[in-house]
Amino acid sequence: MHSLIIFASGRGSNAEAILEYFRGGALARVVLIVSNKADAGVLDLARREEIPFLLIDKKMFSEASLVEQLEAYQPSLIVLAGFMWKIPPTLVTAFQDKIVNIHPALLPAYGGRGMYGHHVHEAVLAERDRESGITIHQVNERYDEGNIILQARCAVSVDDHVESLAQKIHKLEHFYYPRTIEWLLRN
Ligand code: GRF
């Protein structure tokens, strides 16, 4: 059985999709949820599902003790699902090639500092792009620049607004993120 650690700062709908996908199976389970936000929806999910969680602050984030705490779970993957802080070198080095992220656009377009959540969708709509999508990638020390593992696309129509585009993107994310994790675990 593979152990997954999820890092999330928000609602946690991706975390939930991952939990549901692996529920009851023999391949993987979520052993820990890490968040930097005390009021994040993902922590309600952790409480409801009785999954251990860890609330971290900026100081703890780059300390060696965090690496030790995470290593104790022997994770096969650390899955970033809407996690807002840049991963420090201590973690990237300790979990080389084991940290994955999902980005709500087709990288390298609309990536980098400040490009998260609705900012991404606003930028896509402002450019009048006819398509957008998601990127699942490995995490290195630079924002949104690790190796791309998977991209999936959706059409952007002239009537789309931030909310409708966000919905399309979430649908892709909820479908492809768990399945990409499964693929990584099996390969
Ligand atoms: C997702 O759109 C993801 O691409 C981005 O943050 C959002 C998280 O949503 N990195 P949720 O908290 O999983 O609902």
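Numbers here simply count residues along the sequence, with the first being 1. In each ligand, atom 1 is the first atom listed, and ligand 1 is the first ligand listed. Excluded from the calculations below are hydrogen atoms, water molecules and symmetry mates; all remaining heavy atoms, backbone and side chain alike, are included.
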Test: Arg23 and Glu20 ion pair at under 4.0 Å: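 Salt bridge present between Arg23 and Glu20.
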
His137 side chain to His103 backbone, donor-acceptor under 3.5 Å: no

Side-chain donor/acceptor of Gln151 to backbone N/O of Leu107, under 3.5 Å: yes

If you measure from each heavy atom of [X] to ligand 1, is any distance below 4.0 Å?
{"X": "Ile169", "result": "no"}
{"X": "Gly12", "result": "yes"}
{"X": "Glu16", "result": "no"}

Proximal candidate to atom 2 (O) of ligand 1 [heavy atom criterion; set His174, His118, Glu173, Met84]: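 Looking at heavy atoms only, Glu173 sits closest to atom 2 (O) of ligand 1.
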
Closest non-hydrogen atom pair, Ala81 against Ile6: CB-CG2, 4.2 Å

hydrophobic_cluster_shared for Ile87 and Ile149, side chain cutoff 4.5 Å: no

Ligand 1 to His103 polar contact by distance, N or O atoms, under 3.5 Å: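 Not met; the criterion fails.
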
Polar proximity ligand 1 side, Ile102 side, N/O cut 3.5 Å exclusive: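 Right, the criterion is met.
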
For [atom], what's the nearest protein heavy-atom neighbour? Residue, atom name and distance, please.
{"atom": "atom 14 (O) of ligand 1", "answer": "Ser13 OG, 2.5 Å"}
{"atom": "atom 9 (O) of ligand 1", "answer": "His170 NE2, 3.2 Å"}
{"atom": "atom 7 (C) of ligand 1", "answer": "Gly82 CA, 4.1 Å"}

Sub-4.0 Å atoms of ligand 1 with respect to non-hydrogen atoms of Arg11: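 Checking each atom against Arg11, I get 12 (O), 14 (O).
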
Phe7 and Phe61 aromatic ring geometry - parallel, tilted or perpendicular at 30°/60° bounds: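 Because their plane-to-plane angle lies in the 30° to 60° range, the rings of Phe61 and Phe7 count as tilted.
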
Whether His170 and His174 hold their rings parallel, tilted or perpendicular, with breakpoints at 30° and 60°: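 Ring orientation, 0 to 90° scale: tilted.
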
